[in-house]
Amino acid sequence: MQSTYLKSPAAWRSALADHVISADIQQEQSRTGNPTLRVGGVQFHSRYNPEQEAQRLVDSAELESGKPVLVIGSGLGYHILTLLERGHEVVVLEPDVDVLQLAVNGPLAEASCLIGAGEVPPLGADPELDTFLATTPQILLHPPTAQRHGDYVQATQASFAVRAL
């Protein structure tokens with residue numbers, strides 16, 4: 001089954017090779033030496049230790065071990081890497097292609113997950129996404145993405161509620 005919406009990090013790198021990132025996005029170095037991100041004045045990751053922050057986010061979500069996870073908001077992907085390390089199957093939805101480009105060219109470069117960008121296609125338009133959603137995945141919201149793209153998060157969650165029915 002071939003997805004028209006979900007792509008691997010490598011496929012996104014190729015698709016976004018000529019994309020120019022907005023000046024609204026600032027990538028900085030954290031104290032651990034790894035990149036962090038500020039988008040439109042919203043800090044997307046800890047400036048001190050983004051990996052530890054991601055672990056705390058995943059821990060606080062109290063996700064069921066081994067069950068698939070739908071992540072809304074990639075950021076640079078530290079929370080996604082934590083989920084993958086803990087054995088979850090992960091699908092990511094990211095509203096901002098600028099953020100996605102930095103993630104797939106950075107921390108998510110070798111990640112084994114599928115990523116969708118932009119608006120979620122309607123039911124039946126992407127069989128691979130529909131199949132994943134039929135597993136009733138747990139949902140993990142990336143808080144800065146939810147803060148910056150509240151309408152996207154609400155619309156996406158509403159779309160999943162309709163699909164579940």
Problem - Qualifying ring pair (Phe, Tyr, Trp, His ring centres under 6.0 Å) pairs, either residue in residues 92-123, two or more places apart - result: none
Problem - Of all pairs that satisfy ring pair (Phe, Tyr, Trp, His ring centres under 6.0 Å), the ones with a partner from residues 49-77, not counting sequence neighbours - result: none
Problem - Backbone N/O of Gly73 and side chain of His79: donor-acceptor pair under 3.5 Å - result: yes
Problem - Qualifying salt bridge (charged side-chain N to carboxylate O under 4.0 Å, His left out) pairs, either residue in residues 12-35, two or more places apart - result: Asp24-Arg148
Handout entry: Pairs satisfying salt bridge (charged side-chain N to carboxylate O under 4.0 Å, His left out), at least one member in residues 60-75, at least two apart
Key = none
Handout entry: Connected-component partners of Ile115 among ILVMFWY, side-chain separation under 4.5 Å
Key = Trp12, Leu16, Leu57, Val58, Leu63, Val69, Val71, Ile80, Leu81, Leu83, Leu84, Val90, Val92, Val97, Leu100, Val104, Leu108, Leu140
Residues forming a side chain to side chain contact (heavy atoms under 4.5 Å, CB included) with [X], sequence neighbours excluded:
{"X": "Ala155", "result": "none"}
{"X": "Asp59", "result": "Arg86"}
{"X": "Ser8", "result": "Ala10, Ala11"}

Problem - Set of side chain to side chain donor-acceptor pair (under 3.5 Å) partners for Thr156, sequence neighbours left out - result: none
Handout entry: Results of side chain to side chain donor-acceptor pair (under 3.5 Å) for His45 - residues two or more places apart only
Key = none
Practice task
Could you pull out the closest heavy-atom pair between Gly75 and Phe44, with the gap in Å?
Solution key: CA-CD2, 4.0 Å
Practice task
Identify, with sequence neighbours excluded, every residue that meets salt bridge (Lys or Arg N to Asp or Glu O under 4.0 Å) alongside Arg38.
Solution key: none
Exercise for the section: Any side-chain hydrogen bond (donor to acceptor under 3.5 Å, both in side chains) involving residues 87-100? Give me the pairs, sequence neighbours left out, ordered by first then second residue. Expected result: His19-Asp98, Ser74-Glu94
Practice task
Run the numbers on Thr36 and Gln43 for side-chain hydrogen bond (donor to acceptor under 3.5 Å, both in side chains), then give the verdict.
Solution key: CA-CA 8 Å; Thr36 186; Gln43 190 70 42; 3.2 Å; yes
